Number of protein chains: 2
Amino acid sequence: MKIVITGGAGFLGQRLARRLLEQGSLTDAAGERRRISEIVLLDVVAAGGFSDSRLREVTGDIADPDLMRQVVDGNTASIFHLAAVVSGQAEADFDLGMRINLDASRQLLDVCRQLGHRPRVVFTSSVAVYGGRLPAMVDDETAREPQSSYGVQKAIGELLLCDYHRRGFIDGRVLRLPTISVRPGKPNKAASSFASGIIREPLNDVETVCPVSPESRLWLLSPRQAIASLIAGHELSDEALGQRRCVNLPGISVSVQEMVDALGRVAGASAVERIRWQADPVVQRIVGGWPAAWDTGRADVLGLAGDADFESIVRAYVEDDLPLAAKSSGQQS
Amino acid sequence: MKIVITGGAGFLGQRLARRLLEQGSLTDAAGERRRISEIVLLDVVAAGGFSDSRLREVTGDIADPDLMRQVVDGNTASIFHLAAVVSGQAEADFDLGMRINLDASRQLLDVCRQLGHRPRVVFTSSVAVYGGRLPAMVDDETAREPQSSYGVQKAIGELLLCDYHRRGFIDGRVLRLPTISVRPGKPNKAASSFASGIIREPLNDVETVCPVSPESRLWLLSPRQAIASLIAGHELSDEALGQRRCVNLPGISVSVQEMVDALGRVAGASAVERIRWQADPVVQRIVGGWPAAWDTGRADVLGLAGDADFESIVRAYVEDDLPLAAKSSGQQS
């Protein structure tokens, strides 16, 4: 069984690949458990650091149809389509966002369609598809009224995937990710970058800025549970999803204050003191537009699980990532 | 003031052009009433039959960016983007639907963006953006869950237009049209083609087939009111629409039986006898998936009006179109 991960050099892509290599098998479209023979990471850069003969890295422009056709071939059973330009960047560079978030996604769907064997496609979307006048409780069927170019591009990707699925070109499923926290590495250009930074930086003895008020609420998922959910979402049978191919993954709803309190419990007051509170009206406005409450009952029924609480997310970061971050701190500075 | 109408050779495009030539002026982005100096009809075929020096026809592929750039130039104040492949055709020819309904729309938006003067774009969308599990009452904010490729392509066009508007590239507005009835001319490949055929054909002494049950409910707008609404939608100020750029135009909700009864009152029992009832499960299923009830209160507040009742729609067809149909019946047969 051959698997392609677009955006495979990103941190979720790499972790997904490692997890898949560890477990060694996945369910195919016929519901049979099959040995993973090959995983291809397709990205603009190479992840490096893999030493498993089943893993291959291909670098290039994912909006290039020829490259896509080379990678996603007749042997490809499943594709995890994670490649994306993040929210802040898609807002700053409109054309880049359109090319990667829209054109490349459509390209991928078209290549799958041409293959004719109806490969399984797991597409990661985002809660950024929601916005505007939101109901008190958001669920899988809430209207998509995105207020950012990133959200628009993701919403279009969802619509296309659902139509390609409906027409029988692919076996498609959309998993809408909450904000991932604690994301390892460096800050990125997402408006939500601080949701990891205010925990990660203090744990690494680095000063950080929190651009939103302590009362601001976030909807979070840990990298561990995100990977577990991507795999669980892949394993769902076609019938379990039926005609409703988009699922909001369960997050936990926490205030920034609660996040900082959890940081204090895990790493002490000195860690908390690393956070400088400096409001950024732009980020505050964006975060304020995110949904306040979620009904992810459908994901629960489908067996897709979130995290227990934010403190366990912080502890997972300390276990999984802090040792790596400490090791590479020489190169990072 | 220069105006471009894409799909301008279609029956709505031609009528819109005639109406605009008659009234001679439109409101510009600054809210000033301005004389219409030029109307360009852009379509794959020429409409013909115009003898007004202000009107120019350009034929070609509207998905061709060079052609689009030639037509939509720095002098273009407003664009009515009506060009589309209809529902049945977009379902039968996936690539054609994607090219005309999606690529050409995006092309147009990009040409407008490059112009830099924020032209006004009126985009006609469709109630086909709705589907799946619908609420009892559909309004402007109901979730778009289209169940056809046409509906998906229109929903994507809406999302793109709203983002291009939000970013200040255009002054965009989306008008979602009910099913147009009574559409003159010949049957087309839309699933709703019968909604005109069961009235038009009997009035022209031609046999016709009704593929759905008499209880089936439709949501209808006459050509007259559609044109009035397109113009009224153009004339709305930017502020009147605010951030909510998509408006469902008010239709009237009638059953097929009520339509046939109105036909009988206008044209007698012999007209009704021209209808053969022959259920088509495919069409019945599509029509059954359309929303049952509508709340178009927002359109009312904005001053966009529908028809009084179906009988007046039938009478309008008899006044506006029957003489023309009779005149050209020699060529039609």
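Quick note on labels: first sequence line is chain A, next is B, and so on, each numbered from 1. Owing to the predicted nature of the structure, the values given are computational and were not obtained by experimental measurement.
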*Can B/S148 and A/R166 be counted as having a side-chain donor-acceptor contact under 3.5 angstrom?*
no
*Keeping the roles fixed (side chain from A/R133, backbone from B/R244), state whether a donor-acceptor pair exists under 3.5 Å.*
no
*Which portion of A/R144 sits near chain B, non-hydrogen atoms under 4.5 angstrom*: both
*Proximity of residues 95-108 of chain A to chain B, residues having a non-hydrogen atom under 4.5 angstrom*: A/D95, A/M98, A/L102, A/D103, A/R106
*Does B/Y164 have any ring-ring contact (aromatic ring centres under 6.0 Å, His included) partners at least two apart in sequence or in another chain, and if so, which?*
A/F94, B/F169
*Can you measure from OG (A/S149) to CG (B/L160) and round to the nearest 0.5 angstrom?*
9.5 Å
*Is it the backbone or the side chain of A/E91 that comes under 4.5 Å from a heavy atom of chain B, or both, or neither?*
both
*Given that the side chain runs from C-beta out, which part of A/T142 has a heavy atom under 4.5 Å from chain B: side chain, backbone, both or neither?*
backbone
*asked:* Within the 4.5 Å heavy-atom criterion, are A/P146 and B/L159 side-chain neighbours or not?
replied: yes
*Should we count CD of A/Q243 as having more than 12 external heavy atoms under 6.0 Å?*
no
_Distance in Å, A/C162 SG paired with B/Q147 CD, rounded so as to fall on 0.5 Å steps_ = 8.5 Å
